[in-house]
Amino acid sequence: GAGVSQTPSNKVTEKGKYVELRCDPISGHTALYWYRQSLGQGPEFLIYFQGTGAADDSGLPNDRFFAVRPEGSVSTLKIQRTERGDSAVYLCASSWLAGDAGELFFGEGSRLTVL
Amino acid sequence: GNSVTQMEGPVTLSEEAFLTINCTYTATGYPSLFWYVQYPGEGLQLLLKATKADDKGSNKGFEATYRKETTSFHLEKGSVQVSDSAVYFCALSPGTGNQFYFGTGTSLTVIP
C-alpha cells in the first residue's frame, strides 16, 4: 500500500515476554519515528531514525526498549521483559524531509496489551 | 524545553457551531507548528501547519495562526460538521533533526 504499515495491529502478551513491532514506512522516506500513545494522552516520542542510524533515541524509557532499521526502510521496535506499564499504542511515522518541518505520515499503530 | 499545552476536552458541539481549540507552546528557537487529527479507527494525519510567525495554516475549513507574541496556535472552524468528530492534536517541531512534540489531544464530538 501507499501508507505507513504497522504490524501487528494488536498484540496481547504476558508480563515478562519479548515483543517485536514492525513498521514499513512510505517508500523513499528517509526519516522514521516511533511514538507511544497511552490512553488519553498525546504521542510520546521514543526514537527517530535518519536512514539506518538512530539520530535520537532519547525517548526510549529504559534499556528494555530497542529499535533497529538495518536497511534504512523497515524498522522493528523490540521490547524485552514486557511490563504492564508498557501497554499502549505504538505509533510509527515516516517523513520525506530529514529534520525539516516535514509532514509526518503515521501508521494506524500497534496496540500492545501486557497482561 | 519544548512542550505543547492543549485545551482539555472532551468538546461537544452542535452542527454548524463555531469551534476553537486552544493550543500554546514553549519552544527553543523558532519551531514549526502543526495540527494533527485522528478520526475514529484511523491513524493521525496532518490537518494543517505553519512554519513561521504570523503564518496561517488552513485546510478543510479549519484555520490556525502562528502567534509568536502569545506563543499560541489555536485551531478554529466557523461551522463544524458531524464528520469533524475526531481527536485533534497540536504539535511542534523545533526544526532540523528534531522530534515532534504533541499535546494531549482534544476530543471533539459534533452532534446533528
Side-chain angles (χ1 to χ4, degrees), chain A residues 1-7 9-10 21 23-26 29-51 53-60 67 88-111, chain B residues 1-11 21 23-25 27 29-53 55 57 59 64 66 73 75 86-107:
Chain A
V4 177
S5 176
Q6 290 188 248
T7 55
S9 55
N10 277 286
L21 306 175
C23 173
D24 197 344
I26 293 173
H29 279 192
T30 59
L32 185 147
Y33 300 76
W34 284 99
Y35 282 82
R36 178 168 69 175
Q37 187 175 16
S38 301
L39 191 63
Q41 300 297 313
E44 174 192 17
F45 172 75
L46 296 176
I47 187 170
Y48 152 59
F49 287 89
Q50 174 54 45
D56 182 354
D57 64 357
S58 63
L60 295 177
V89 177
Y90 288 82
L91 301 173
C92 177
S94 67
S95 175
W96 280 114
L97 300 175
D100 199 341
E103 175 182 352
L104 291 184
F105 292 83
F106 281 88
E108 294 187 15
S110 293
R111 181 177 297 279
Chain B
N2 299 294
S3 66
V4 173
T5 301
Q6 203 175 323
M7 168 181 163
E8 292 190 11
V11 174
I21 300 177
C23 172
T24 57
Y25 68 90
Y30 303 96
S32 295
L33 302 173
F34 304 80
W35 278 99
Y36 277 81
V37 58
Q38 187 170 29
Y39 298 104
E42 298 184 16
L44 279 84
Q45 55 188 274
L46 180 67
L47 179 61
L48 54 85
K49 71 177 184 181
T51 57
K52 61 183 187 297
D55 269 2
N59 185 27
Y66 187 160
F73 193 56
L75 183 68
V87 181
Y88 293 81
F89 294 90
C90 186
L92 74 82
S93 171
T96 302
N98 276 285
Q99 55 171 293
F100 282 58
Y101 296 82
F102 287 83
T104 55
T106 301
S107 175

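The figures that follow rest on heavy atoms only: side chains count, while hydrogens, waters and symmetry mates do not. Because the structure is a prediction, the values reported are computed rather than measured. The sequence lines fix the lettering, A, B, ..., with proteins before strands; numbering per chain opens at 1.
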Listed partners of B/D55 passing side-chain contact (heavy atoms from CB on, under 4.5 Å), at least two apart: B/A50, B/T51, B/K52

Rounded distance (nearest 0.5 Å) linking atom OG of B/S32 with atom CZ of B/F73: 9.5 Å

Region of A/L91 in contact with chain B, defined by heavy-atom distances below 4.5 Å: side chain

CZ on B/F89 to CG on B/L44, rounded to 0.5 Å: 5.5 Å

Contact origin within A/Q6 toward chain B - heavy atom pairs under 4.5 Å: neither

Heavy-atom proximity to chain A below 4.5 Å, by part of B/Q38: side chain

Pairing residues for B/E42 by the side-chain hydrogen bond (donor to acceptor under 3.5 Å, both in side chains) criterion, not counting sequence neighbours: B/Q45

